Number of protein chains: 2
Amino acid sequence: MTPLKRITIRDVSERAGVSTAAVSYVLNGREGKVSQETASKVRRAVEELNYIPDFSARSLAGTRSKLIGVVIPQTEDQKQLLLQNPFYSELVCGIEARLRQSGYHMILSGVDKGEGYLDTSMQRNLDGAIIMGIYQESFYDDLKRVKVPIVLIDSYVNDSYFQTVSIDDEAGGYMATKLLIDNGHTNIALVTGLIRKDGVVEKRFLGYKRALKEAGLFYNPDHVFEHSVSYEYGQEAAAAIAAGHPEITAVFATSDLVAMGVLRGLSDAGKRVPEDVSVVGFDDIPVARMCNPPLTTVRQNIVARGAMAADRLLKAIEEGEASLADDPSVARLELAIRQTVQRLAPS
Amino acid sequence: MTPLKRITIRDVSERAGVSTAAVSYVLNGREGKVSQETASKVRRAVEELNYIPDFSARSLAGTRSKLIGVVIPQTEDQKQLLLQNPFYSELVCGIEARLRQSGYHMILSGVDKGEGYLDTSMQRNLDGAIIMGIYQESFYDDLKRVKVPIVLIDSYVNDSYFQTVSIDDEAGGYMATKLLIDNGHTNIALVTGLIRKDGVVEKRFLGYKRALKEAGLFYNPDHVFEHSVSYEYGQEAAAAIAAGHPEITAVFATSDLVAMGVLRGLSDAGKRVPEDVSVVGFDDIPVARMCNPPLTTVRQNIVARGAMAADRLLKAIEEGEASLADDPSVARLELAIRQTVQRLAPS
DNA sequence: TTGTATGCGTTATCAG
DNA sequence: CTGATAACGCATACAA
C-alpha cells in the first residue's frame, strides 16, 4: 500500500552514482558505451528502485512508442467492432500474444465511417499497424503518409507499400473438394458467398475446380450456389439442393457459417448428414465442433495467421522494411476431419 | 503523398499570431481564459494546418493519456487471450465503442502468469483500467497502488476501491424458470456448472428455486445436475435425464454452452426438442441462434455491460470517484424466445 | 568511458 | 486576457 511515486531515470542515476546518460545506455542495450562496472551498478539500482520507464517520454524523445495499432472492421451500423466474428477475435489473439511477447502493446479499435486512421496513428506515435477489413482508397493513402510499416489482412490492396499475410485459399478449396472426391463423391455442390475477382472466395472456387478436373470430373455450373456469406443463405441453398438436385451427395461450403446453415437446411428438408449428404466447411470456427453433427472443415489456424502478421510487422519495424522478402507470408491449412463426411457406398 | 511533417502547437501559434499558451487553452476548452477573437483565430489555424495533438507529450506534461487498459483472461497455457470466448469478445466490443466515442483508446492485453499489471499501467500512464477475470491477490494490491480508477468485471473481490459491473443473475434464473413454468412445465431440471457460494451460478440457482416456490412447485434436488460449464457436461447430463428421468419435461441450463451440449445429448438419446423436452439457456451467445433448433435463452446483453463498465470508468476518471454511486451497476436481462420451449399439452 | 546539456510537444505557472 | 518559460522523463549529440 505504499503511495507509489514515479521513479525516474535520474533517481536511478543518483542511486547508482552515475549519469543519466549511462543509465539510458544500459537500459537500451547500448553496451560498449559503458563499462561493465557501470552497467552492473545501474542494473542493481534499477532492480532496487523498481524502475519502470515512461513510454510517453520515450516516445516523445523520438524513439519507439512500442505501440501498435490494430484495426478491425465494424458492424453494419458502424457502432461495434466485429469481434463477435470468431475470425477476427482469433486473429487478434494471435497478434496480441506475439506483440506482448516482444514488449509491444496493442491499441485495438475500429475506425469510424469516413474517418481515417491518420489521427490516431499520429496522436499515439504508433510504431506500426495491422489493418483488417476493407476501406475506401483514401484510407490507405493516409496510411502511407505516416510512413510506418503496415500489415494488411484480408485486404486485396495491390500496393507494395503494404505487407500482407494470407492463406492459400486455392489450396484450401482443393483440399476440401479432394476429400469429398476421395470418399467417392462425384456430384459435389459448392455453396458460397459472392465470387469476386481476386477475392478469397474466388481462389477457393478455383481450388474446387482444380480438384474436379484432376479427378476427371465434369464441372457443372448448376452445382454452384453463390450468394452471400451467411447462415441464412446456407439454409436456402440446402433447401434448393434437397428439392431440385437429388444427384448431389456432397456440399463444399466456403465458410463454416454457411456450412452451419447448410446443415440446418438439409435437416429441415429431411436429409440426414452425412448419410444422405456430406458437408465440408472452411475456417474451423469454434462452433464447428459443437454443432450437430460436428463439422468436417478446412482449418485456417487463424491464430497462427495473426501471429504471423505481428511477426512481419515487428520485423519491418526493427530491421527495416528492406529485411522482408517480397513475397507475402502464407499461413498453412489443414483438414479438421469430423463427422459430416461419409464414404459413398459404391452403387 | 505529401511527406507529412509533424505540426506542433508552436506552428499553430505562429500561424494564428498568438502564444502557445493561448492555443493550448483553446484546445482544452479553457474558454474564458482567452478572447473570442483569439479563440477563432486559433481554431482557424488548427483547421488550416490540420493540427493533430501528440498524446505522448500531453501525457508527459502530466495531464491525461486518454489511454485505458483492458485486461482479459488467457487460455490455460497462458499464451493467448480468451477472446474466442464470445463472452469476452462481446464485452470488449461494448467497451471499445464507448471509449472511442469519448476520445479514449484501449490497450487490450492479457497478463502473463505471475506478472502484475503495474508495469504496464505505469509505462503507459493509463488513465484507468477494466479488468476481467480473476487473479491472485497481489495483482489487485498492485492495482490499488497506481491510484487510477479500476472497474472489475466478473471478479468478486470485495474491496470498495474497485468499481464493479454485474448482472442480476438471480433474476435471470428466475426468468428462465418462470418461462418454463408458464408453459406448463412442472418437472424442470437444472443443468449447471459448480454452484459456488457467492458465485454467478449460485445466484441463478437461487432464482430457479424462487420461481419454483412461487409457483407452488416442489424443489427436487434430484433434478439438479451440477458439474462443469462445458459442452461435454451438457451432453452427459442430458443422457442421464433421458435415461433415468422420464418425468422431466424441461431443462434450464445456466449457460448456453451447456445448453448446446444438452441439445446434442437429448438428440443422441432419441429425444426431440422441444416436443419431448424443452430447453432454456443463459447468455445468448451467437451460436444460440445458429444451433438446431435455435435456442431460447436469457440474453445478457453483454455488449451493453461492456459499455456500462466503460461508462463507469470514464465517469470516475472525469468527475472523480466520488461522483459514483456506491451501488454497483447492474445490467438488464431479457428473454430471447426461440424454438426450444414448447407449451406442455395438459395431460 | 562518462557526464552535461538540449530538445521532443504539451501544459501550467506566473509575471505582464 | 496574454505571453514567456519552466517542468514532464528520456535519449542523444557533444564535450570532457
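Below, each value reflects all heavy atoms present in this structure, side chains not excepted, and no hydrogens, waters or symmetry copies. We name chains A, B, ... by the order of the sequence lines, and we start the count at 1 in each one. The structure displayed is predicted, hence computed values, not measured ones.
Tyr51(B) is linked by a ring pair (Phe, Tyr, Trp, His ring centres under 6.0 Å) to nothing, counting only residues two or more places apart in sequence or in another chain.
Residues Asp112(B) and Arg100(A) approach most closely at OD1-NH1, 2.7 Å, considering heavy atoms. Here the shortest heavy-atom pairing between His105(B) and Gln123(A) reads CE1-OE1, 3.8 Å.
Per the geometry, NZ belonging to Lys5(B) stands 11 Å off P belonging to dC8(C), to the nearest Å. Summarising the geometry, the separation between CD on Gln123(B) and P on dC10(D) is reported as 11 Å, rounded to the nearest angstrom. Rounding to whole angstrom units, CD1 of residue Ile7(A) and P of dC8(D) are separated by 14 Å. Taking atom CG of residue Asn125(B) and atom C1' of nucleotide dC10(D), one finds them 13 Å apart after rounding to whole Å. Between the P atom of dA12(C) and the CG atom of Leu60(B) lies a distance of 13 Å, rounded to the nearest Å. When the P atom of dG9(C) is taken as reference, atom CE of Met122(A) falls 10 Å away, rounded to whole Å. In this entry the distance linking CG of Asp11(A) with P of dG9(D) reads 9 Å, nearest Å. Taking atom CZ of residue Arg124(A) and atom C1' of nucleotide dG9(C), one finds them 14 Å apart after rounding to whole Å.
A donor-acceptor contact shorter than 3.5 Å links the side chain of Tyr135(A) to the backbone of Met132(A). In this structure a side-chain-to-backbone donor-acceptor pair under 3.5 Å is present from Asp11(A) to Thr8(A).
If you check the side chains of Asp142(A) and Ser138(A), you find no donor sitting under 3.5 Å from an acceptor. Side-chain contact annotation: Ser59(B) with Ser56(B), donor-acceptor N/O pair under 3.5 Å absent.
Of the side-chain N and O atoms in Ser59(A), none sit less than 4.0 angstrom from OP1 or OP2 of dC10(D). The phosphate of dG9(C) has neither OP1 nor OP2 within less than 4.0 Å of any side-chain N or O from Thr8(B). Checking the phosphate oxygens (OP1, OP2) of dC10(D), no side-chain nitrogen or oxygen of Ser56(A) falls inside 4.0 Å.
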Checklist entry - Could you run down nucleotides 11-16 of chain D 5' to 3' and tag each one B, S or - for protein heavy-atom contact under 4.0 Å? => result BBB---

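When the options Leu118(A), Asp159(A), Ile150(A) are evaluated for a side chain to side chain contact (heavy atoms under 4.5 Å, CB included) with Lys144(A), the one that passes is Asp159(A).
Residue Ser13(B) is out of contact with every strand shown, counting any heavy-atom pair closer than 4.0 Å. Arg10(A) comes within contact range of no nucleotide atom at all, as no heavy-atom separation falls under 4.0 Å.
Taking the six-membered ring for Trp and thresholds of 30 and 60 degrees, Tyr140(B) and Phe162(B) have ring planes more than 60 degrees apart, a perpendicular arrangement.
With distances taken from any side-chain atom of Val18(A) to the nucleotides dT2(C), dG3(C), dG9(D), the minimum falls on dG3(C).
Five base pairs at each end of the helix from dT1(C)-dA16(D) to dG16(C)-dC1(D) define two local axes, and these are offset by 50° (rounded to 10°).
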